[in-house]
Amino acid sequence: MDVLIKGRNIPVTEALERYATEKVKRVARFFDEGRSDSRADVELIHERNRAISEPEVAEATLFINGSVLKASEASEDMYASIDRMSDKLERQVKRYRGRQIDRWQGQLKNTPDAPNDVAQPFVVEGEEELEARIVRTKQFQMKPMSEEEAVLQLELLDHDFYVFTSADTGEINVVYRRRDGNYGLIEPAR
């Protein structure tokens with residue numbers, strides 16, 4: 001697996017680069033590198049804002065056969081951030097890999113000459129399987145509004161994001177609160 005380490009507002013020392021590379025490459029044991037096209041981009045960030053209590057951020061983006069997995073963690077120490085980010089990335093790869101195996105076994109079970117004894121997916125003892133599911137559904141009216149009005153609604157509801165119809169384009173957009181306290185806007189590509 002190719003690993004690219006970048007630094008923002010922090011010099012990436014050889015020791016830091018070696019440590020981050022080693023931690024991220026651990027996830028490669030969950031997939032066949034010979035048959036998988038994989039690479040990882042790691043960004044180590046030092047937030048300069050003094051109001052942020054955990055200024056050392058480690059972000060990883062893992063590209064495996066066209067799928068993208070992301071993990072980001074922050075702490076007061078860059079090495080601790082890398083450890084936490086690596087653990088999170090490993091959990092995501094296990095979940096991704098488990099779903100791949102489930103999907104493959106489902107296809108295998110539906111074939112007429114499928115063997116009765118199907119190999120079981122890789123399971124790590126001591127870890128609970130976290131299965132995400134939809135537990136609540138909401139419906140609401142989406143009246144057209146400006147980005148500023150959507151941010152106001154976001155603040156009034158005290159949510160992390162707000163979905164709305166743009167008054168300018170009539171398309172569905174999303175405003176969200178960024179970690180630095182500012183806001184982001186997601187709109188469809190034209």
Side-chain angles (χ1 to χ4, degrees), residues 1-33 35-103 120-136 154-155 157-162 174-186:
M1 173 185 349
D2 296 328
V3 179
L4 174 66
I5 310 289
K6 298 183 284 188
R8 186 182 341 148
N9 301 331
I10 185 172
V12 179
T13 64
E14 188 176 317
L16 198 57
E17 182 175 359
R18 186 171 47 247
Y19 188 77
T21 302
E22 178 183 305
K23 287 292 192 174
V24 171
K25 279 194 172 186
R26 284 187 349 184
V27 301
R29 69 178 187 253
F30 294 106
F31 51 91
D32 182 9
E33 284 197 72
R35 293 188 298 169
S36 297
D37 180 26
S38 62
R39 85 171 206 279
D41 293 342
V42 178
E43 188 167 16
L44 307 176
I45 306 163
H46 173 76
E47 296 288 352
R48 291 186 175 167
N49 188 343
R50 293 177 197 220
I52 297 176
S53 62
E54 297 180 327
E56 305 299 335
V57 180
E59 293 180 351
T61 307
L62 182 62
F63 302 92
I64 305 174
N65 296 333
S67 295
V68 179
L69 304 175
K70 290 187 173 196
S72 177
E73 284 293 329
S75 71
E76 293 180 4
D77 177 50
M78 183 57 76
Y79 287 95
S81 296
I82 293 170
D83 286 339
R84 290 166 54 183
M85 175 269 305
S86 172
D87 292 342
K88 186 184 242 184
L89 192 61
E90 191 170 314
R91 285 191 304 273
Q92 288 179 352
V93 168
K94 284 179 191 175
R95 191 175 311 132
Y96 165 78
R97 188 71 184 120
R99 288 188 179 143
Q100 270 190 328
I101 290 171
D102 290 346
R103 199 173 300 130
Q120 294 300 314
F122 176 75
V123 177
V124 178
E125 290 185 28
E127 288 215 15
E128 296 178 16
E129 181 63 30
L130 300 174
E131 188 63 39
R133 62 179 193 253
I134 298 173
V135 295
R136 186 173 179 189
L154 171 84
E155 288 299 320
L157 293 171
D158 195 31
H159 285 183
D160 293 327
F161 67 94
Y162 187 77
V174 177
V175 291
Y176 62 96
R177 185 176 298 124
R178 296 173 46 93
R179 210 180 302 151
D180 62 4
N182 293 318
Y183 299 97
L185 173 67
I186 300 173

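Predicted, not measured: the structure shown is a model, and the values here were computed from it. Note that these values count all heavy atoms, side chains included, but never hydrogens, waters or copies made by symmetry.
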Measure the OG-CG distance between S81 and L44 for me, rounded to the nearest 0.5 Å. 9.0 Å
Distance from L4 atom CG to T21 atom OG1, nearest 0.5 Å? 9.0 Å
So F63 and L69, do their side chains get closer than 4.5 Å, heavy atoms only? no
Quick check: do V3 and I5 have side-chain heavy atoms less than 4.5 Å from each other? yes
Salt-bridge criterion met for E22 and R18 (N-O under 4.0 Å): no
M78 side, atom CE; L16 side, atom CG - distance, nearest 0.5 Å: 6.5 Å
Which atom pairs, one a donor and one an acceptor, fall under 3.5 Å between side chains of residues 51-62 and the rest of the protein, sequence neighbours left out?
{"residue": "E56", "atom": "OE2", "partner": "H46", "partner atom": "ND1", "Å": "2.7"}

Nearest-0.5 Å distance that lies between atom NZ in K6 and atom CD1 in I45: 9.0 Å
Sidechain N-carboxylate O distance under 4.0 Å for R26, D87: yes
Is there a side-chain contact between D83 and K23 (heavy atoms, below 4.5 Å)? yes
Find out whether L185 and V174 are in side-chain contact, i.e. whether some heavy atom of one side chain is under 4.5 Å from a heavy atom of the other. no
Looking at V24, is its backbone amide N or carbonyl O close enough to the side chain of S86 to form a donor-acceptor pair, meaning the two atoms are under 3.5 Å apart? no
Ring centroid separation for Y79 and Y19, is it under 6.0 angstrom? yes
Tightest non-hydrogen contact, residues S75 and A80, listed as OG-CB, 3.6 Å
Any side-chain heavy-atom pair from I186 and Y176 closer than 4.5 angstrom? yes
In Å and rounded to the nearest 0.5 Å, what is the OH to CZ distance from Y162 to R177? 14.0 Å
Applying salt bridge (charged side-chain N to carboxylate O under 4.0 Å, His left out) between E73 and each of R91, K88, R179, report the one that passes. K88
